[in-house]
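A note on names: the letters A, B, ... follow the listed sequences, proteins ahead of strands, and every chain is numbered from 1.
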Number of protein chains: 2
Amino acid sequence: MLPSPGTSHDLTEAVLRPARGYHAFEACVEQLATTIRLGVYPLGSTLPSERELAERLNVSRSTLREAMAALREAGLVETRRGRGGGTVVTLKPRTPSARAAARLTEERRHEWLDSLVFRRIVEPGAAALAARADLDPTALAQLDAAHAAVAKARRPADHRQADSRFHLTIAALTGSSRLVEAVTSVQATLHEMLLAIPVLDANIAHSDRQHATLVRAIRRGNHDRARAVMEEHCDDTAALLRGLLG
Amino acid sequence: MLPSPGTSHDLTEAVLRPARGYHAFEACVEQLATTIRLGVYPLGSTLPSERELAERLNVSRSTLREAMAALREAGLVETRRGRGGGTVVTLKPRTPSARAAARLTEERRHEWLDSLVFRRIVEPGAAALAARADLDPTALAQLDAAHAAVAKARRPADHRQADSRFHLTIAALTGSSRLVEAVTSVQATLHEMLLAIPVLDANIAHSDRQHATLVRAIRRGNHDRARAVMEEHCDDTAALLRGLLG
DNA sequence: AGGTAATGGTCGGAGTTCATACCAATTTTC
DNA sequence: GAAAATTGGTATGAACTCCGACCATTACCT
């Protein structure tokens, strides 16, 4: 579906996209698994009830239940019945490892690189917007909490999850649901990519410094600075990934 | 575990989105109608064959045909059988008019405003990226053609379509399919909004000047300038719309 | 003129998804 | 301890979607 690079930039080719990529079932599995892996629902937390989730995802409960069964079978969650029961996250965050950067579809690779490009636009935009908004104390507390979680995380897997949450939190601060959607999607892909490469302490330290600078810029309302820092942050990650993934 | 649903900045609330908004049939109608109204397929042009469209939209031919039937019934297209036949666009571009800014769902209004926010991030990003890329002569020709079409358009309806195409063309120049998707979506919403307000010659002239500046910046590879101009362009349109739509 | 190819039009069975109702387990509440 | 409430578990039939094969029409090509 993706035109190979160099193909003519024909509008009609570029604009028409799959009207519906997956079946509802797959879409649910994908979204829930992503949500869990990104740490939106951390280890031990309880997901919303089936009925609520079904409504939220705009899917029948039957379909949602099939998705849940898949997650259960995959070991991401466990389920208890009865009032006060529900579905709890049991997945331990996966530790990044340097395996399997090979075995990549050309299409997949193209998708990944495209995500990096898109990210470099969307996330700096979100950062600038967050800096522009005047944030209420609650919002600032969320930002600080997310930032502290990243800074405190010791094990690489925890750091990875906290990092995702940090970036999602910034997007959520803007109050734009479309932005949140875009960042979620971008972070999901990014998460996949980062699992395929080795993690270096130096990279983490560098990243943490950028996070701190970013938070400062957002709190001060310096949107140009916030954007610039986030751009640099994205560029650094992208360079790392492009280098290691080809 | 789940914070109260009043917090608009809650991650778990913000991240979970409908896994699938429409049925395949509706999605097809929507996308095709949008594509036509945005002028990707101008009046008199022939759409791709049903088999090709079905594959492109990742939908069975039966479903696509139902969508086509809806478009036919709505008067957007006409269909002829046999080799050399196909489906041609018959919709005359609608003339913007000052009606029906009333009768807006609160949700709808929220969606519209959100689109303006998202646009202000995505389109300037696309412009900057297009300026950064070194464009081959074919690409430059497409850019110029799209620009010339906007500048030449006399009737408001034609201008509106040409404007959409111009913005889509810039996104397409970047070669990023995710960006094209984002801009398409944003332009579709924008199109709806602009149909609900009166069009002023002064606005059009102003917009045209910005287009010219933008094209110049892109051709020169001045990405900062390209972004700044596009930001201003978005801000101006947004201000107009926010003012007239409340 | 006749054959070929490309197009839309039609049909039927298989798989998904949906909506609804009801059952079962467990906690909370009184 | 009993009732109520909330949660997951199950079942059924309707509607939608998909796939594949085949038919009908028309233009192009030899």
Side-chain angles (χ1 to χ4, degrees), chain A residues 1 12 16-32 36 41 44-90, chain B residues 1-5 12 16-32 36 41 44-90:
Chain A
M1 196 62 221
T12 65
L16 290 179
R17 321 198 64 255
R20 171 214 214 183
Y22 326 87
H23 291 170
F25 163 72
E26 303 174 46
C28 289
V29 173
E30 166 120 4
Q31 187 170 354
L32 288 172
I36 291 172
Y41 290 103
S45 64
T46 301
L47 268 53
S49 75
E50 290 183 350
R51 288 168 176 86
E52 187 184 338
L53 267 184
E55 188 177 354
R56 207 93 74 86
L57 298 187
N58 204 16
V59 151
S60 80
R61 207 182 136 212
S62 344
T63 304
L64 178 87
R65 276 183 57 61
E66 288 189 50
M68 290 297 235
L71 295 180
R72 218 174 298 132
E73 200 152 339
L76 273 73
V77 298
E78 274 175 12
T79 294
R80 286 195 328 259
R81 289 207 276 190
R83 177 163 180 168
T87 304
V88 286
V89 177
T90 58
Chain B
M1 199 91 228
L2 218 65
S4 69
T12 64
L16 289 180
R17 321 197 67 255
R20 171 213 213 184
Y22 326 87
H23 290 173
F25 162 72
E26 302 174 45
C28 289
V29 173
E30 166 119 6
Q31 188 169 352
L32 289 172
I36 290 173
Y41 290 102
S45 64
T46 301
L47 267 54
S49 75
E50 290 184 351
R51 287 167 177 86
E52 189 183 337
L53 266 184
E55 188 178 357
R56 206 93 75 86
L57 298 187
N58 203 19
V59 150
S60 79
R61 209 183 134 213
S62 344
T63 304
L64 179 88
R65 275 181 60 53
E66 287 189 50
M68 290 297 235
L71 296 179
R72 216 173 300 131
E73 199 151 340
L76 273 74
V77 298
E78 275 175 12
T79 295
R80 286 196 328 260
R81 290 207 277 190
R83 175 163 184 167
T87 304
V88 288
V89 177
T90 57

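Ion pairing of B/Glu55 with B/Arg51 is absent here, as no side-chain N (NZ or NE/NH1/NH2) approaches a carboxylate O to less than 4.0 Å.
One atom, CD of B/Glu66, and another, C1' of D/dT17, lie 9 Å apart when rounded to the nearest Å. If you take CG of B/Leu57 and P of D/dT17, they are 14 Å apart, rounded to a whole angstrom. Here the P atom of nucleotide C/dT10 and the CG atom of B/Leu64 are 15 Å apart, to the nearest Å. Whole-Å rounding puts the A/Glu26 CD to D/dC18 C1' distance at 13 Å. Taking atom CG on A/Asn58 and atom P on C/dC18, their separation rounds to 8 Å, with Å as the unit.
Contact record, A/Leu57 with A/Cys28: CD1-SG, 4.1 Å, taken as the closest heavy-atom pair.
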Please table the atom pairs, donor to acceptor, closer than 3.5 Å between any side-chain atom in residues 67-87 of chain A and protein atoms at least two apart or in another chain.
unit_1, atom_1, unit_2, atom_2, d
A/Arg72, NE, A/Thr79, OG1, 3.1
A/Thr79, OG1, A/Thr87, OG1, 3.3

Item to check | Verdict with supporting geometry, B/Leu47 and B/Val88, side chain to side chain contact (heavy atoms under 4.5 Å, CB included) | outcome: CA-CA 6 Å; B/Leu47 267 54; B/Val88 288; over 6 Å; no
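A/Thr63 pairs by the side-chain contact (heavy atoms from CB on, under 4.5 Å) definition with A/Ala24, A/Phe25, A/Val59, A/Ser60, not counting sequence neighbours. Checked against salt bridge (Lys or Arg N to Asp or Glu O under 4.0 Å), A/Glu50 has the following partners two or more places apart in sequence or in another chain: A/Arg61, A/Arg65.
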Distances under 3.5 Å between protein N/O atoms and the N/O atoms of nucleotides 28-30 of chain C, please, pair by pair.
none

Listing time: all N or O pairs from protein to nucleotides 1-3 of chain C that are below 3.5 Å?
none

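The CG atom of A/Asn58 sits 11.5 Å away from the CG atom of A/Leu64 when rounded to the nearest 0.5 Å.
Contact annotation: A/Ser60 side-chain N/O to C/dT17 OP1/OP2 distance is not under 4.0 Å.
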Checklist entry - Can you give one letter per nucleotide of nucleotides 8-14 of chain D, 5' to 3': B if a protein heavy atom sits under 4.0 Å from the base, S if only from the sugar-phosphate, - if neither? => result BBB----
